[in-house]
Amino acid sequence: METPKTYEPLKAEEKWYAHWMEKGYFHSVPDDREAYTIVIPPPNVTGVLHMGHMLNNTIQDVLIRRARMLGKNACWVPGTDHASIATEAKVVQKLRQEGIKKSDLTRDEFLKHAFEWKDKHGGIILEQLKKLGASCDWERTSFTMDPGYSESVLDVFVDLYKKGRIYRGVRMVNWDPEALTAVSDEEVLHKEVNSKLFYVRYKIAGSDDQWLTIATTRPETILGDSAICINPNDKRFTHLHGKQAIVPISNRIIPIIQDDYVDMEFGTGCLKVTPAHDTNDYDLGKKHNLETIDIFNDNGTLNEKGLHYDGLDRFEVRKQIEKELYDKGYLVKTEDHINKIGFSERTNAVIEPKLSLQWFVDMKELAQPALENVMNGNIKFHPDKFKNTYKHWMDNIKDWCISRQLWWGHQIPAWYFGSGSEDYVVAKTADEAMQLATVKAGRAISISELKQDEDVLDTWFSSWLWPISVFDGLTNPGNEEIKYYYPTNDLVTAPEIMFFWVARMIIAGYEYMGDLPFKNVYYTGIVRDKLGRKMSKSLGNSPDPIELIEKYGADGVRMGVLISSPAGNDLPFDSSQCEQGRNFTNKIWNAYRLVSAWDVREIEQPKSSIKAIEWFDAKFNQELAIINDLFDKFRISEALMAIYKLVWDDFCSWYLEMIKPGYEQPIDSKTIEATKDFFEQILKVIQPFTPFIAEEIWHLIRTRNDGDDIIIAEWPKVKAVNQAVLDSFTKGEEVIINIRNVRKQNNIANKVKMDLFIKKNNEIDSSFDSVIVKMGNLSLLEYSETAISNANSFIVNSNEYYIPFGDSIDIEAEKAKLKEELEYTKGFLNSVQKKLQNEKFMAGAPDQVVVMERKKESEALSKIAILEEKLTSMV
RNA sequence: GGGGGAUUAGCUCAGUUGGUUCAGAGCGCCUGCCUUACAAGCAGGAUGUCGGCGGUUCGAAUCCGUCAUUCCCCA
């Protein structure tokens with residue numbers, strides 16, 4: 001059967017993935033080998049694969065596949081995250097479409113719907129990862145709400161509470177009025193928006209017609225004002241000291257206080273203080289013992305404190321109150337103004353600072369080991385520069401608000417038994433809670449009296465345990481698996497979640513395992529489109545990864561996302577990169593086609609093939625050492641580029657051309673065997689990047705026993721590099737390129753054989769002459785004592801090369817070329833000599849550098865002599 | 001406003017302690033080729049005041065200062 005001209009990836013991909021699964025190559029159990037472990041950053045359980053996942057998971061798969069070949073017990077743990085806010089929002093939306101309101105359901109009913117949704121849509125993303133070739137240990141698939149996992153989350157909550165690290169308190173939180181939950185600082189996106197600055201005047205209490213004017217962007221919060229604040233140093237307002245003001249519309253009387261917090265330059269210098277609705281005002285209020293007037297309901301409408309605006313949305317009130325203030329003569333003027341407003345990352349609702357009773361983790365001390373061990377390099381960041389960002393955050397770490405007003409997630413194990421603010425206990429189960437409550441209350445408390453906290457924990461409060469809990473390290477401490485797999489090796493993730501997730505995993509690692517969770521963190525960049533925009537669903541600028549795979553093959557797409565994506569740099573993605581990847585797989589495919597088509601006979605091995613084999617052996621080992629080094633430094637895309645060039649340029653363009661027999665000529669068995677060996681080595685090196693085609697050709701190129709699969713083959717070992725052969729080849733290569741140039745410049749077809757004469761002036765390495773003859777398509781290679789006239793010529797290593805070409809040669813053009821080269825060489829010599837004549841250079845530069853300069857000088861001198869002689873002889 | 005990056009070819013990026021012809025790679029571009037594995041290919045080629053200015057040095061893409069542009073994080 002004819003081997004197709006182009007590689008057809010889809011069939012091979014399906015076949016080999018199924019084969020690998022069947023053989024259990026992805027599955028890991030502890031044994032006496034060294035463990036190499038990666039835990040996947042768990043995607044949202046209801047998510048679908050996007051380009052960010054593609055990049056992230058391809059890198060992980062490359063690392064895990066290489067580790068497997070290095071003989072390590074490679075274990076890549078997959079799984080998903082319950083993603084409380086996002087998932088709950090989706091379930092609520094789906095129920096709404098069915099005409100069901102969340103508020104009409106009990107918690108249990110809602111959770112039933114949520115789990116149904118999760119079972120239906122959950123794990124789609126994991127199936128998509130299989131298409132990419134991800135070699136995860138699917139038997140270990142974890143979910144942050146698995147029973148065992150949930151148990152560890154509750155254990156940790158109880159434990160931290162007992163240690164005094166978790167407390168309940170009133171704090172100003174970022175309230176999402178749409179999702180009806182608090183969100184963490186990190187989930188708030190600050191954006192600049194055009195808004196208005198309203199100048200509103202307040203009457204001074206007890207005066208007839210004395211006023212002060214404040215500037216605010218949120219006039220609706222006037223109804224919650226508790227004070228006016230001025231800077232005590234502000235000369236303009238000394239007459240206001242000790243006075244009171246009357247709030248417009250509500251006509252409440254509020255004090256005028258002084259605090260140097262007020263910026264005298266901003267607005268009017270008079271600040272209205274609304275402690276319930278602004279973080280800074282809240283702090284001011286606490287400091288000055290001001291009343292806190294909360295005028296909002298949880299959904300962003302005004303409550304009864306909002307007087308006649310009761311029940312209206314905050315933005316509608318802003319419009320209406322502007323008119324009322326104007327009509328009643330309070331509104332002095334409005335100005336256009338640009339300010340930054342916080343939006344919810346999940347719902348895009350404008351965040352409302354809101355006072356509420358929440359659970360917090362006190363982070364200061366917990367964070368210490370996590371900071372130290374990154375700064376001292378026990379945990380390495382790639383690239384290293386992210387340490388700076390990390391340090392800055394950890395130095396200024398704030399307490400972590402971990403309660404969320406949702407149902408989907410881990411319900412907070414706090415149990416209330418009375419109406420007092422301290423009438424609660426923290427316990428994993430109701431039974432334990434009952435006992436604790438009985439002690440705390442000093443009376444018998446029954447289970448029915450207990451009411452569990454309605455809120456759930458922040459999703460990150462479960463995912464920070466990921467590297468521990470996927471091995472049951474908390475519910476079954478010291479078990480065989482946690483001992484074997486923890487600490488894991490490498491984590492691959494996005495810098496955006498350095499604080500949400502990475503820092504907290506490190507904190508949890510030291511707190512609960514007394515050890516780091518992973519040794520290296522590889523930060524990927526953001527995948528952007530051609531215009532530099534972040535790829536997102538809302539912009540619709542993200543290609544569907546599965547469609548890309550169908551078009552270019554998984555191997556092609558894997559290469560496409562990795563080829564220009566250094567760690568920490570954004571990836572400006574364009575599908576042309578996948579095309580490049582696909583072309584690469586096709587290139588390998590055709591190399592295989594070539595090698596497989598040769599007719600093998602017991603004939604003499606050509607000299608040129610012997611040299612070619614010597615050379616490629618040296619070249620391969622030289623490059624392999626470089627590739628290994630790049631891997632060690634996590635320079636994955638550079639490693640890929642090195643491999644790309646090794647395969648395309650060195651193996652295909654040079655090696656295969658050197659050994660390729662003439663048309664319909666047979667090949668000798670020694671050369672074909674060596675070539676197949678090389679091919680195998682190359683397949684091994686590309687296997688982490690393009691596993692499917694590697695496996696496919698591995699099985700085509702030689703007959704394999706059952707279980708002889710490349711995925712578990714041994715990574716090549718670096719052998720000694722024959723540097724002398726590499727050096728000889730470099731000179732031969734230069735000659736070949738010069739010959740090709742002569743052809744090109746004189747329009748001599750490749751088929752036409754040419755003669756080459758060499759005038760030896762200097763040491764000459766003739767070991768690659770046979771290769772030069774073959775690659776240059778020469779009929780003759782001869783050494784000559786004299787220069788050849790009427791010939792194209794070039795100089796390599798001070799030796800003169802001549803290709804006679806009858807009478808059609810253009811003497812003038814040839815002379816011009818020589819003159820140009822002469823000028824360049826003279827200029828070069830001049831700069832070298834200037835250096836050598838500089839006493840300070842001679843005194844300051846190391847010997848090695850001086851020797852190099854001298855060598856350059858002598859080479860340039862002899863080249864000039866040759867060029868001048870040629871020019872004079874060409875008259 | 002505070003902190004951290006970045007700026008090298010048309011694009012995306014390498015460039016280790018200042019010193020080999022150090023100004024590089026891939027893509028793109030230009031030229032010529034349907035040469036017998038591959039036109040998803042082959043062979044050649046061009047491209048840069050290393051963001052600006054100043055300084056240190058025998059020598060600076062690399063070190064220092066400063067300005068500019070830009071991205072990220074925090075307030």
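All values derive from a computational prediction rather than experimental measurement. Protein chains get the first letters and strands the later ones, always in sequence-line order, with residue 1 at the start of each.
With 3.5 Å as the limit, one finds no donor-acceptor pair spanning the side chains of A:Thr585 and A:Tyr552. Checked by atom type, the side-chain pair A:Lys753/A:Asn777 shows a donor-acceptor distance below 3.5 Å.
Ring pair A:Phe678/A:Tyr655 is perpendicular by interplanar angle, where above 60° counts as perpendicular and below 30° as parallel.
Contacts of A:Ile737 with the nucleic acid, taken as non-hydrogen atoms under 4.0 Å apart, involve only primed sugar atoms and P, OP1 or OP2. Nucleic acid contact for A:Arg635: sugar-phosphate only, since backbone atoms but no base atoms lie under 4.0 Å from a heavy atom of the residue.
Atom name P, nucleotides B:U35 and B:C42: the rounded distance is 14 Å, in whole Å. B:U47 and B:U31 have their C1' atoms separated by 15 Å, given to the nearest Å. Across B:A14 and B:G3, the matching P atoms stand 26 Å from one another, rounded to whole Å. Comparing B:G32 with B:U70, their P atoms sit 42 Å apart, to the nearest whole Å. Using atom C1' as the reference point in both B:C29 and B:C63, the two lie 37 Å apart (nearest Å). Using atom P as the reference point in both B:C30 and B:G15, the two lie 31 Å apart (nearest Å). When the C1' atom is used for both B:A23 and B:C13, the distance is 14 Å, rounded to whole Å. Separation of the C1' atoms belonging to B:G24 and B:U8 is 10 Å when rounded to the nearest angstrom.
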Letter per nucleotide, 5' to 3', of nucleotides 3-9 of chain B [B base touched, S only sugar-phosphate touched, - untouched; heavy atoms, 4.0 Å]: SSS----
Reading nucleotides 27-40 of chain B 5' to 3', which nucleotides get B (base under 4.0 Å from a protein heavy atom), which S (sugar-phosphate only), which -? S---BB--BBBBSB
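Base pairing of B:G65: its partner is B:C53, meeting the Watson-Crick or G-U wobble criterion (both donor-acceptor distances under 3.5 Å). In this structure, B:G24 and B:C13 make a Watson-Crick or G-U wobble pair, each of the two defining distances being under 3.5 angstrom. Base-pair partner of B:G59: not found among the strands shown (Watson-Crick or G-U wobble, both distances under 3.5 Å). Here B:G48 sits opposite no nucleotide as a Watson-Crick or G-U wobble pair (both hydrogen-bonding atom distances under 3.5 Å). Taking a pair to require two hydrogen-bonding distances under 3.5 Å in either a Watson-Crick or a G-U wobble arrangement, B:U36 remains unpaired.
Distance, A:Glu857 CD to B:G19 P: 22 Å, rounded to whole Å. Distance, A:Asn396 CG to B:G1 P: 19 Å, rounded to whole Å. Atoms CH2 (A:Trp393) and C1' (B:A75) sit 15 Å apart, rounded to a whole Å. Distance CD (A:Gln577) to P (B:C13): 10 Å, rounded to an integer number of Å. One can place CZ of A:Phe386 at 9 Å from C1' of B:C72, the figure rounded to the nearest angstrom. At whole-Å resolution of the value, OH in A:Tyr523 and C1' in B:C73 are 13 Å apart. What separates CZ of A:Phe381 from P of B:C72 is a distance of 20 Å, to the nearest Å. With rounding to whole Å, A:Leu630 atom CG is found 14 Å from B:U16 atom P.
Distances shown here put every side-chain N or O of A:Lys645 at or beyond 4.0 Å from the OP1 or OP2 atom of B:G24.
Salt bridge absent: A:Asp727 and A:Lys731 never bring a charged side-chain N and a carboxylate O closer than 4.0 Å. Using a 4.0 Å cut-off between a side-chain N of Lys or Arg and a carboxylate O of Asp or Glu, A:Glu579 and A:Lys551 do not qualify as a salt bridge. Remark: A:Asp649 does not engage A:Lys645 in a salt bridge, criterion side-chain N to carboxylate O under 4.0 Å.
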N/O to N/O distances under 3.5 Å, protein versus nucleotides 58-65 of chain B:
{"unit_1": "B:C58", "atom_1": "O2'", "unit_2": "A:Asn838", "atom_2": "ND2", "d": "2.9"}

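Side chains of A:Glu857 and A:Leu829 form a contact here, defined as non-hydrogen atoms less than 4.5 Å apart. Between A:Ile736 and A:Phe768 there is no side-chain heavy-atom pair separated by less than 4.5 Å. Side-chain contact between A:Leu10 and A:Glu13: present, with at least one pair of heavy atoms (C-beta onward) separated by less than 4.5 Å. Inter-residue side-chain proximity for A:Trp589 and A:Glu8 is flagged as unmet; no heavy-atom pair is nearer than 4.5 Å. Taking the side chain as every heavy atom from C-beta outward, A:Asn738 and A:Val742 never approach each other to under 4.5 Å.
Where A:Arg740 and A:Glu638 each meet RNA chain B at their nearest nucleotide, the meeting point lying more 5' is that of A:Glu638.
For A:Phe381 and A:Tyr523, the ring centers are positioned less than 6.0 Å apart.
Residue A:Gln723 places its CD atom among more than 12 non-hydrogen atoms of other residues, nucleotides or ligands, all under 6.0 Å distant.
Listed for the A:Arg601 side chain is no donor-acceptor partner under 3.5 Å among the backbone atoms of A:Ile667.
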